[in-house]
Amino acid sequence: MSITRNVRVRFAPSPTGALHIGGVRTALFNWLFARHHKGTFILRIEDTDQTRSTDESIKVILDSMKWLGLDWDEGPFRQTERMDIYREHVDRLLKLGKAYYCYCTPEELEARRKEAMAAGKPPKYDRKCRSLKTPIEGRTPAVRFLSSDEGQTIVRDLIRGAVTFENQQLDDLIIQRSDGFPTYNFAVVVDDVTMSISHVIRGDDHLNNTPRQIQLYEALGYDPPEFAHLPMILGSDKTKLSKRHGATAVTEYISLGYLPEALVNYLSRLGWSSGDQEIFSRQELIEKFALDSVGKAPSVFNPEKLVWLNHHYIQQADLNRLSELLLDLLKKDGAVTEGNEPDREWLKTLVKILTERSHTLVEMKTGALPFLLDGITMDEKAKAKHLTPDVAPLLSELTARLRSVDPFTHTEIETVFNALVAEKGIKLGKLAQPVRVALTGGTVSPGIFAVIEVMGKEKTVKRIEAAICSL
RNA sequence: GGUCCCAUCGUCUAGCGGCCUAGGACGCUGGCCUCUCACGCCGGAGACACGGGUUCGAUCCCCGUUGGGACCA
């Protein structure tokens, strides 16, 4: 595919809620396409639905975009600030005789639709108002586009190829509602053309809207942009992904402890691929992204693979960055209070030993808690299994020896353990597991020597002694 | 119901007529490593929806069937 035009693409969400996975994927593909072709990425807020649009949603969407690193070059534009432009275009079609006023009420339309259905005809607008010469008193009209009912409209889609629609199937769609607001299909055309959009990349739920939009472009005397309709993202039951499939909003993934690069990498591979490669840096994504390697079939969202990628990116992430992210989570949890923050270098060593078994930042936070809180939450089953009365002498001996370890580091601690284990003729596990439970409250943690080193001599000794006392 | 789209392991996908006894990844699973859990390493099970063509030869091209999805209501 050769891109000859100056690439200008847009992402146009409706601010009726949070930014969802499907929207992110659309935004991401537009962004990648723009960056790959050194084009322009435009953000447009489609807020003509006054009843459902909120400023709060706009804020959430912008914040999510920023978190994902999807920066835009122009905008955000809001449709509600462009009402004059839409009216101007409606007037133009009216003057050209390509649009007409329609006084039918929703109730009338519904009744006639049912009639048509009952008679076995397609429920298409019957053009009752088309030949109307005088306005109907007491009614505010909507404006309908006079569409052609002969021939075909062919959508040349960059992903689907040529898709043919019989014009006969298309009815005269409303372009301006009686309340004066433009309808979606009209506003989108006017916006895309006035913003010089070169490629419309959007979900394929809009494919059926495209022929009527093409007719509008033509009626208005504009060249249509290129189109690329992306396959949908489905839930595990293969229906369109929605809230009932679990977490779908970007904000949820943030609070679940995901890294933006994991989400970006995962979503880029949903419906797109480049050979066998699974892991892509942002730069690689920009370099390799192409619309002709986007698949046609819808894809099922698989949270487990996202977890795997998140784990991968946690291993790759800079320790300073992870420390700050972890700190934020700990503060939200109340585990760390303002002015009582842990030493950053110490926190980094803690993060370092936790990353390997953290699939999410939330998991990391859970693992960090025993190191930060004064007390631990004891898992009773673990206690019953490993902290039995007979280990008390062994633990006493260990604390006595740990007290004199200096410097209190991994290797020195390991030496103490090995010596004690050798003297008693037991396996390391017999000592390590009880200590692990005493220190963390559970049976799962990083390596025991690392745990002890990071926890520090004082806390270690205190906890083991507390455990002994409880036996 | 009408219109449009889609179809390779459970899932994401590679494959663009012979390289395919179909490759990779997630997940699942056997083993190794091991102080726990992981990580890592080695191995395993697992798919071309079906039926017709076209062709010397079809996962790959065409048609139909089936199935799924989206849109319009």
Side-chain angles (χ1 to χ4, degrees), chain A residues 22 109-110 112-114 116-118 120-125 153-155 157 159-171 173 184-185 203-212 229-241 265-279 292-312 314-315 353-359 363 366-367 379 382 385-386 413-414 417-418 421 426-437 439-440 442-452:
Chain A
L109 292 170
E110 183 56 30
R112 274 184 273 156
R113 201 178 289 128
K114 276 182 183 155
M117 295 269 274
K121 290 176 185 167
K124 194 175 149 178
Y125 179 61
T153 300
I154 300 172
V155 179
D157 191 274
I159 294 171
R160 308 284 152 154
V163 183
T164 306
F165 294 83
E166 297 295 329
N167 288 342
Q168 212 182 342
Q169 300 292 335
L170 279 25
D171 59 356
L173 90 152
Y184 166 78
N185 279 301
D204 80 9
D205 45 347
H206 290 297
L207 183 57
N208 283 309
N209 287 328
T210 310
R212 27 180 47 147
H229 286 93
L230 269 19
M232 300 272 88
I233 298 178
L234 311 178
S236 51
D237 61 355
K238 306 219 175 183
T239 62
K240 195 172 171 179
L241 190 68
N265 194 151
Y266 177 72
L267 256 16
S268 69
R269 277 286 287 99
L270 213 51
W272 173 81
S273 62
S274 178
D276 281 340
Q277 192 171 345
E278 295 288 349
I279 308 284
D292 42 16
S293 41
V294 172
K296 296 177 185 178
S299 26
V300 173
F301 183 77
N302 176 204
E304 282 162 340
K305 191 158 180 178
L306 174 58
V307 167
W308 173 73
L309 276 164
N310 203 50
H311 178 260
H312 169 83
I314 285 178
Q315 311 315 305
I353 68 169
L354 290 172
T355 51
E356 202 167 273
R357 64 217 82 212
S358 301
H359 291 89
E363 276 187 20
T366 306
D379 172 359
K385 184 171 181 194
H386 298 287
I413 296 161
E414 187 171 357
F417 268 70
N418 285 339
V421 159
I426 55 171
K427 284 190 168 181
L428 182 56
K430 287 286 173 201
L431 179 59
Q433 275 307 77
V435 173
R436 174 170 283 115
V437 176
L439 295 181
T440 67
T443 56
V444 175
S445 84
I448 195 66
F449 312 126
V451 167
I452 293 172

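Predicted model, so just to flag it, every value in this text is computed and none were measured. Naming convention: chains lettered A, B, ... in sequence-line order (proteins, then strands); numbering from 1 in each chain.
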### Message
Nearest to the side chain of A:Ser273, heavy atoms from C-beta on, is which of B:rA70, B:rC35, B:rU13?
### Response
B:rU13

### Message
From the set B:rA14, B:rC35, B:rA70, return the single nucleotide nearest to any side-chain atom of A:Thr239.
### Response
B:rA70

### Message
Nearest whole Å is fine: how far is B:rA38 P from A:Ile353 CD1?
### Response
17 Å

### Query
A:Thr443 has a side chain; which of B:rC26, B:rU36, B:rA7 sits nearest to it?
B:rU36

### Task
Classify the side chain of A:Arg357 and the base of B:rC37 as holding, or not holding, a donor-acceptor pair under 3.5 Å.
yes

### Query
Does A:Ser236 place a side-chain N or O at less than 4.0 Å from the phosphate oxygens OP1/OP2 of B:rU11?
no

#### Entry: Listed nucleotide nearest any side-chain atom of A:Arg436, set B:rG2, B:rC35, B:rC12
B:rC35

### Query
With no angle test and no hydrogens, is the base of B:rC5 tied to the side chain of A:Arg160 by a donor-acceptor pair under 3.5 Å?
no

### Message
Below the 4.0 Å mark, does B:rU34 have OP1 or OP2 next to a side-chain nitrogen or oxygen of A:Lys427?
### Response
no

### Query
Among the nucleotides B:rC37, B:rA25, B:rC71, which one has an atom lying closest to any side-chain atom of A:Val444?
B:rC37

### Message
So does A:Arg269 get a backbone contact from the side chain of A:Ser273, meaning a donor-acceptor N/O pair under 3.5 Å?
### Response
no

#### Entry: Nearest to side-chain heavy atoms of A:Lys240, which nucleotide of B:rA70, B:rG68, B:rC4
B:rA70

Protein-nucleotides 20-24 of chain B N/O pairs closer than 3.5 Å?
from, atom 1, to, atom 2, distance (Å)
B:rG23, N2, A:Asp276, OD1, 2.7
B:rG24, N2, A:Glu278, OE2, 2.8

### Task
Give a yes or no on whether A:Gln315 atom CD has more than 12 heavy-atom contacts from other residues, nucleotides or ligands under 6.0 Å away.
yes

### Summary
Of the candidates B:rC6, B:rC39, B:rC5, the side chain of A:Lys296 sits closest to B:rC6

### Message
Of the options B:rC71, B:rC26, B:rC12, whose atoms approach the side-chain atoms of A:Val300 most closely?
### Response
B:rC12

## Note on the structure
Winner on side-chain proximity to A:His311, out of B:rA25, B:rC39, B:rA70, is B:rC39

